[in-house]
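The structure appears right after this line, and notes come after that.
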Amino acid sequence: MGKSSKDKRDLYYRKAKEQGYRARSAFKLLQLNDEFHILDNVQRVVDLCAAPGSWSQVLSRKLFPDGKNVEGKKIVAVDLQPMSPIDHVTTLQADITHPRTLNKIMELFEGEKADLVCSDGAPDVTGLHELDEYVQQQLILSALQLTTCLLRKDGCFIAKIFRGRDIDMLYSQLGYLFKTVICAKPRSSRGTSLESFIVCQNYSPPEGWIPNLDPNASVEEFFEGCSIGRLSLKDKLTDFHEERRDIAEFISCGGLDSFDSDATYPIDAHEATPLEPVQMPTNPPYKRALELKRSLHGKVEVSGNTAN
């Protein structure tokens, strides 16, 4: 989170710090919940691609409002990056595509299925929109594979998407597994961003289909028998039928009384003090670069003193 410049440009940055959230993305989940009530009567939740943990913080506060452990309620956060601890959240530094991760989560849930699986993950964007959209959809499909193995019938799945030209194909694929598929744009998500969230409710897999997470199997092989993969080689050209393409309902959530993430808000004089980050990064990708920069800077100073 930035300090004075971002505080002035985006009030969600400051509000996140004031309320103790690690990132402004916490408000996206809060506004999605206000619209869809996805956290009502939820017992077991899996937060995929969870780092730095703002969504896990929201889940913890919603499921454990009194700060006390409640029997039967569990939250598991998974990410390849390490995460600092969060109250009432079990963190796993693991790969969401590996069966060991699935087995570990099921152990934590004591064999019970999850009520909700959510993912706020996204790749490092390149600025090439079509490439970013493709990589993001592959990430969603990876999360979806794990979700189908974890989620109970009539459960809910939420994931970040980049809305592009071919997003309707993803809507159609999700429509085979969920009775309700809605695309939502929280008010806290910048209007200039392609980012939205797909809210899939009432999980209803095809009869007889048993998902099997295999790291050596492709996405098409995983969903074989579920009618959302590609045509197999045995399919004849004369039997070809165009894949169903649906348009999901698109709504904006958060209400007009919420702060506008693209607006500039003035800061009162007594609120002008910059706020420190709620949680420093545990292992940022730029850490090594900073160490090398400091090391090089030190060598330059030593060299300059010697020359004098």
Side-chain angles (χ1 to χ4, degrees), residues 29 32-33 35-50 55-56 58-59 62-63 70-78 89-90 92 94 96-121 137 139-161 169-184 197-214 217 219-229 243-244 246 248-249 251:
L29 182 57
L32 288 170
N33 182 56
E35 180 69 30
F36 297 99
H37 306 286
I38 52 181
L39 299 181
D40 292 354
N41 303 317
V42 166
Q43 298 290 313
R44 292 169 296 277
V45 185
V46 181
D47 183 10
L48 303 177
C49 307
W55 276 31
S56 293
V58 172
L59 294 169
K62 290 293 184 180
L63 269 65
V70 179
E71 185 177 357
K73 289 188 177 182
K74 293 182 180 179
I75 303 171
V76 178
V78 186
V89 176
T90 302
L92 296 179
I96 65 173
T97 65
H98 203 283
R100 282 200 301 264
T101 304
L102 170 63
N103 295 335
K104 183 60 178 178
I105 296 174
M106 293 304 296
E107 287 179 10
L108 293 170
F109 285 165
E110 298 178 354
E112 297 289 337
K113 295 281 189 175
D115 301 306
L116 168 67
V117 179
C118 57
S119 173
D120 188 32
Q137 288 197 23
L139 179 61
I140 293 172
L141 290 175
S142 295
L144 182 61
Q145 291 180 69
L146 183 60
T147 298
T148 57
C149 298
L150 286 171
L151 197 61
R152 67 168 175 81
K153 186 176 174 56
D154 294 326
C156 181
F157 172 62
I158 301 174
K160 177 187 291 185
I161 63 172
M169 182 63 74
L170 179 62
Y171 296 154
S172 300
Q173 292 171 331
L174 291 170
Y176 283 102
L177 297 169
F178 296 87
K179 294 180 180 178
T180 304
V181 178
I182 297 176
C183 181
F197 292 86
I198 195 73
V199 180
C200 307
Q201 296 174 296
N202 300 316
Y203 177 55
S204 182
E207 288 290 338
W209 179 64
I210 301 176
N212 179 31
L213 195 60
D214 183 351
V219 174
E220 288 80 10
E221 291 170 333
F222 178 87
F223 287 108
E224 188 175 1
C226 196
S227 301
I228 72 170
E243 192 75 21
R244 189 182 79 188
D246 297 334
E249 179 183 359
I251 66 172

Do you know the tightest heavy-atom contact between [X] and [Y]?
X      : Y      : answer
Val46  : Ala114 : CG2-CB, 4.1 Å
Val89  : Ser56  : CG2-O, 3.9 Å
Thr148 : Pro211 : O-CG, 3.5 Å

Check whether any side-chain heavy atom of [X] sits under 4.5 Å from a side-chain heavy atom of [Y], and report yes or no.
X      : Y      : answer
Ile198 : Leu174 : yes
Leu144 : Leu177 : yes
Gln43  : Val70  : no
Ile105 : Val78  : yes
Phe223 : Tyr176 : no
Ile161 : Cys183 : yes
Ile158 : Leu32  : yes
Gln201 : Phe36  : yes

Above 12 or not: heavy atoms from other molecules or residues under 6.0 Å from NZ of Lys113? yes
Are there over 12 heavy-atom neighbours, none belonging to Arg152, within less than 6.0 Å of that residue's CZ? yes
Who pairs with Glu110 by salt bridge (Lys or Arg N to Asp or Glu O under 4.0 Å), at least two apart in sequence or on another chain? Lys74
Tell me if a side-chain donor or acceptor on Asp115 pairs with a main-chain N or O of Val42 at a distance below 3.5 Å. no
Aromatic ring pairing Phe178/Tyr203, orientation class (parallel under 30°, perpendicular over 60°, tilted between): tilted
Output for pair (Cys200 SG, Ile38 CD1), nearest 0.5 Å, gives 11.0 Å
To the nearest 0.5 Å, tell me how far Thr90 OG1 sits from Lys104 NZ. 9.0 Å
